[in-house]
Novice: 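What follows is a structure written as structure tokens; I'll ask about it next.
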Protein chains: 2
Amino acid sequence: MPVETIRWKNGKIRYVDQTQLPTRLKFVECGDIKRFWKAIRNLEVRGAPALGIAGALGVILGMQHSRAKNFRSFIKELGRVIRFLASSRPTARNLFWALERMEETAMENRSRPIGVIKEILLEEARRIIEEDKSACREMARHGASLVRKRDAILTHCNAGGLATADYGTALGVLFEAKKQGKRIKVYADETRPLLQGARLTAWELMHEGIDTTLICDNMAASLMAKGRIDKIFVGADRIASNGDAANKIGTYNIAVLARYHKIPFYVVAPASTFDFSLKTGKDIPIEERSAGEVRTVLGRIEIAPKNVKVYNPAFDVTPNELIAAIVTEKGIFRKPYGRSLRGVKGK
Amino acid sequence: MPVETIRWKNGKIRYVDQTQLPTRLKFVECGDIKRFWKAIRNLEVRGAPALGIAGALGVILGMQHSRAKNFRSFIKELGRVIRFLASSRPTARNLFWALERMEETAMENRSRPIGVIKEILLEEARRIIEEDKSACREMARHGASLVRKRDAILTHCNAGGLATADYGTALGVLFEAKKQGKRIKVYADETRPLLQGARLTAWELMHEGIDTTLICDNMAASLMAKGRIDKIFVGADRIASNGDAANKIGTYNIAVLARYHKIPFYVVAPASTFDFSLKTGKDIPIEERSAGEVRTVLGRIEIAPKNVKVYNPAFDVTPNELIAAIVTEKGIFRKPYGRSLRGVKGK
């Protein structure tokens with residue numbers, strides 16, 4: 001059973017503080033939107049689908065005590081809350097997708113009393129959570145059909161239960177394959193700088209009884225050269241209309257290695273991760289994070305000269321040509337993506 | 001002026017303890033061969049050419065108090081010392097090269113008194129240091145001819161003064177280019193697990209006033225995709241007859257990325273790194289190190305579940321086809337390496 005990563009509880013957002021894993025499984029109950037913004041910024045809550053849920057619940061948190069007496073002031077206040085939440089992290093599409101959906105829901109119900117709109121928004125947030133859970137199961141089911149009995153699979157960063165409401169995207173596929181009796185072996189990239197692979201993915205995989213081996217990011221090529229990787233599954237933070245996919249820094253690296261070694265590279269993501277307003281991945285905004293993340297390890301030990309310059313993009317973009325297939329809750333999509341991905345668009 | 005990484009001083013080996021950098025520049029004077037073996041094992045002394053010197057000085061340390069009264073017992077004792085030192089680390093060719101050279105020197109002087117042989121061995125060790133210094137200068141000179149005025153260069157691990165007697169191999173090229181007035185920009189891979197790039201290379205580059213940017217290993221591909229890397233220079237630990245080159249884990253990764261992005265990838269190493277007894281890189285023994293190096297950062301903080309399995313090869317092998325040129329003290333060698341590298345062989 002996956003951990004319940006994030007949910008609404010008695011007027012607060014209850015979430016797993018992912019910066020504390022794997023040492024501590026700590027739940028936080030947060031009733032303050034500024035504190036919650038920091039939780040997103042600091043990656044206490046992270047992972048594209050989970051950020052969608054964080055956006056939806058953040059709106060509830062920000063609006064529950066609204067004293068607006070008419071829709072006009074309510075929607076103005078809602079706009080401020082949404083812009084504030086949107087400023088936390090720029091890359092994951094799901095955050096903006098959820099914020100837009102909450103705003104649309106309010107607009108559709110503009111003629112109702114404010115109290116009722118608040119209730120409808122909470123229902124909508126809960127619906128987003130439920131939809132994410134069922135999307136996880138569907139992605140897992142579709143993706144598992146790509147996994148063979150004794151596959152050795154490489155994954156990067158964390159696209160598991162901690163990144164979603166439930167089962168995970170890329171890791172959901174692996175959990176499902178395991179459940180189907182496939183004896184897979186999984187290699188997890190540690191994923192510097194914030195080590196989500198070492199801290200979160202290794203923990204989740206072992207929790208589900210999957211044969212797990214941790215490697216440093218620069219060791220994947222050596223495994224591939226030895227024929228020890230059969231497939232690669234990763235998540236995504238934003239996918240453009242043409243299939244170019246932004247994901248955690250280092251993903252593009254693996255995709256290039258996969259091409260050289262002729263290993264299929266799969267992306268697993270729900271429809272909420274797609275941004276059809278963008279033609280290609282070149283238009284995806286990439287978050288650059290602080291130098292301290294690279295100069296230290298988790299802020300706890302210094303590993304470099306104090307004043308050394310740093311380049312620290314949190315994501316990179318994998319061009320569609322390197323992606324063997326994109327797995328969504330609506331099925332498995334293949335090249336040419338420009339055409340096939342239209343199937344993700346419709347409700 | 002580079003730091004004097006390792007030398008002989010009053011019956012002891014004086015070296016920089018590289019595990020303490022960049023926080024502390026600590027010199028150790030070691031008079032005990034078992035302690036020195038651990039210093040090699042723990043990477044207090046590291047870097048292929050420096051390991052050659054460590055081997056030669058280790059022989060002096062192990063034999064200086066020998067009470068052997070005839071050559072037969074002397075050479076037997078020497079054999080034990082050499083086997084002991086050789087057991088410290090398996091991959092870097094230079095260590096074995098220096099040990100063999102010391103043994104040959106003893107054999108060539110077998111008819112002399114033991115006291116004289118000891119003096120000759122110390123002279124030979126000092127000659128190895130002097131030759132390494134001059135090889136560094138020559139490699140730097142040849143290699144710098146490949147660097148253009150405003151090149152942005154990526155390097156991996158540490159192939160600098162700390163890895164040699166003097167100036168470095170790959171970094172020596174960059175120091176020389178800087179000295180020639182070329183305004184280069186260097187990106188240093190941090191190089192997990194032991195972070196020699198972050199701790200040592202960044203420190204050395206900044207010390208020489210070179211524009212230095214530190215990145216995590218998985219960020220190099222992102223820079224290449226943006227056209228921000230013009231060339232790659234790395235060192236080597238062992239090079240086979242056909243040009244296949246073993247170097248720090250992650251090097252092969254970069255070589256594949258370089259091929260995909262059409263960026264020239266150069267290896268810089270002295271003749272003492274070549275192993276002409278090996279046809280290809282497949283025969284190079286690759287050291288696997290402890291799981292703790294990956295599960296922790298420098299043994300100081302835990303970053304993964306305690307019992308997670310780990311794959312931790314210290315080196316990987318870059319096939320010759322991915323190497324644009326190999327720079328040695330004897331010049332620049334290009335494909336086909338099987339033929340061209342014969343030029344490295346002769347004295």
Side-chain angles (χ1 to χ4, degrees), chain A residues 22-23 156 187-193 195 197-199 202-203 206 211-225 228 248-257 259-261 286 291 294-295 297-298 300-313 315-317 319, chain B residues 22-23 156 187-193 195 197-199 202-203 205-206 211-223 225 228 248-257 259-261 286 291 294-295 297-298 300-313 315-317 319:
Chain A
T23 321
H156 189 70
Y187 290 93
D189 274 346
E190 64 174 8
T191 318
R192 274 281 285 158
L195 299 165
R199 295 189 301 107
W203 182 78
M206 290 171 78
D211 180 354
T212 306
T213 302
L214 177 66
I215 60 171
C216 296
D217 301 320
N218 62 25
M219 295 169 184
S222 159
L223 282 171
M224 292 184 198
R228 285 169 64 180
K248 177 60 53 198
I249 188 70
T251 302
Y252 168 57
N253 184 346
I254 299 170
V256 172
L257 294 176
R259 164 61 52 91
Y260 185 77
H261 295 92
I286 299 295
V294 175
R295 286 191 204 128
V297 175
L298 306 174
R300 287 162 62 197
I301 61 170
E302 292 184 8
I303 56 162
K306 273 189 206 312
N307 49 342
V308 67
K309 279 197 288 186
V310 162
Y311 170 63
N312 183 20
F315 305 93
D316 56 26
V317 176
Chain B
T23 320
H156 188 70
Y187 290 93
D189 274 346
E190 64 174 10
T191 318
R192 273 280 285 157
L195 300 164
R199 296 189 300 108
W203 183 78
L205 290 169
M206 291 171 78
D211 180 353
T212 307
T213 302
L214 178 65
I215 60 171
C216 297
D217 302 319
N218 62 26
M219 295 169 182
S222 160
L223 282 170
R228 286 169 63 180
K248 179 58 53 197
I249 187 73
T251 303
Y252 169 57
N253 184 347
I254 300 169
V256 172
L257 295 175
R259 165 62 52 92
Y260 185 77
H261 295 93
I286 299 295
V294 175
R295 285 190 203 129
V297 176
L298 305 175
R300 287 162 61 196
I301 61 170
E302 291 183 10
I303 57 162
K306 273 188 206 312
N307 49 342
V308 68
K309 278 196 289 186
V310 162
Y311 170 63
N312 183 22
F315 304 92
D316 57 24
V317 175

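Since we're looking at a predicted model, the values are computed, not measured. Numbered from 1 within each chain, the chains take letters A, B, ... in sequence-line order. Below, each value reflects all heavy atoms present in this structure, side chains not excepted, and no hydrogens, waters or symmetry copies.
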Novice: Rounded to the nearest 0.5 Å, how far apart are OG of B:Ser222 and CD1 of A:Ile249?
Specialist: 4.0 Å
Novice: Please give me the minimum heavy-atom distance between B:Arg300 and A:Glu302, naming the atom from each residue.
Specialist: NH1-O, 4.3 Å
Novice: Write down the atom of B:Tyr311, the atom of A:Arg228, and the distance for their closest heavy-atom approach.
Specialist: CE1-NH1, 3.7 Å
Novice: Between A:His156, A:Arg259, A:Lys248, A:Lys309, who has the most heavy-atom pairs with chain B when the cutoff is under 4.5 Å?
Specialist: A:Lys309
Novice: Working to the nearest 0.5 Å, report the span between CG of B:Asn218 and CG of A:Asn253.
Specialist: 6.5 Å
Novice: Considering residues at least two apart in sequence or located in another chain, which fulfil the ring pair (Phe, Tyr, Trp, His ring centres under 6.0 Å) criterion with B:Tyr252?
Specialist: A:His261
Novice: Between B:Tyr187, B:Tyr260, B:Trp203, which residue shows the highest count of heavy-atom pairs closer than 4.5 Å to chain A?
Specialist: B:Tyr260
Novice: Counting heavy-atom pairs under 4.5 Å with chain B, which one of A:Asp316, A:Ile254, A:Leu214, A:Leu223 comes out on top?
Specialist: A:Leu214
Novice: Under the side-chain contact (heavy atoms from CB on, under 4.5 Å) rule, what do B:Met206 and A:Asn307 come out as? Steps first, then yes or no, please.
Specialist: CA-CA 9 Å; B:Met206 291 171 78; A:Asn307 49 342; 3.4 Å; yes
Novice: Side chain to side chain contact (heavy atoms under 4.5 Å, CB included) with A:Arg295: which residues, sequence neighbours excluded?
Specialist: A:Ala291, A:Val308, A:Val310
Novice: Ignoring hydrogens, what is the shortest heavy-atom contact between A:Pro22 and B:Pro305? Give both atom names and the distance.
Specialist: CG-N, 3.9 Å
Novice: Just so I understand: if I count every heavy-atom pair under 4.5 Å between each of B:Pro193, B:Ala220, B:Ala188 and chain A, which residue has the most?
Specialist: B:Pro193
Novice: For each of A:Ile303, A:Thr251, A:Val294, A:Asp211, tally heavy-atom pairs with chain B at distances under 4.5 Å, and name the one with the top tally.
Specialist: A:Ile303
Novice: Give the member of A:Leu195, A:Ile301, A:Ile215, A:Thr23 that has the highest number of heavy-atom pairs under 4.5 Å with chain B.
Specialist: A:Ile301
Novice: For the interface with chain B, which of A:Ala255, A:Pro319, A:Gly250 has the highest count of heavy-atom pairs at distances below 4.5 Å?
Specialist: A:Gly250
Novice: Rounded to the nearest 0.5 Å, how far apart are CE of A:Met219 and CG of B:Asp217?
Specialist: 9.0 Å
Novice: Roughly how far, to the nearest 0.5 Å, is the CZ atom of A:Arg192 from the CZ atom of B:Arg192?
Specialist: 7.5 Å
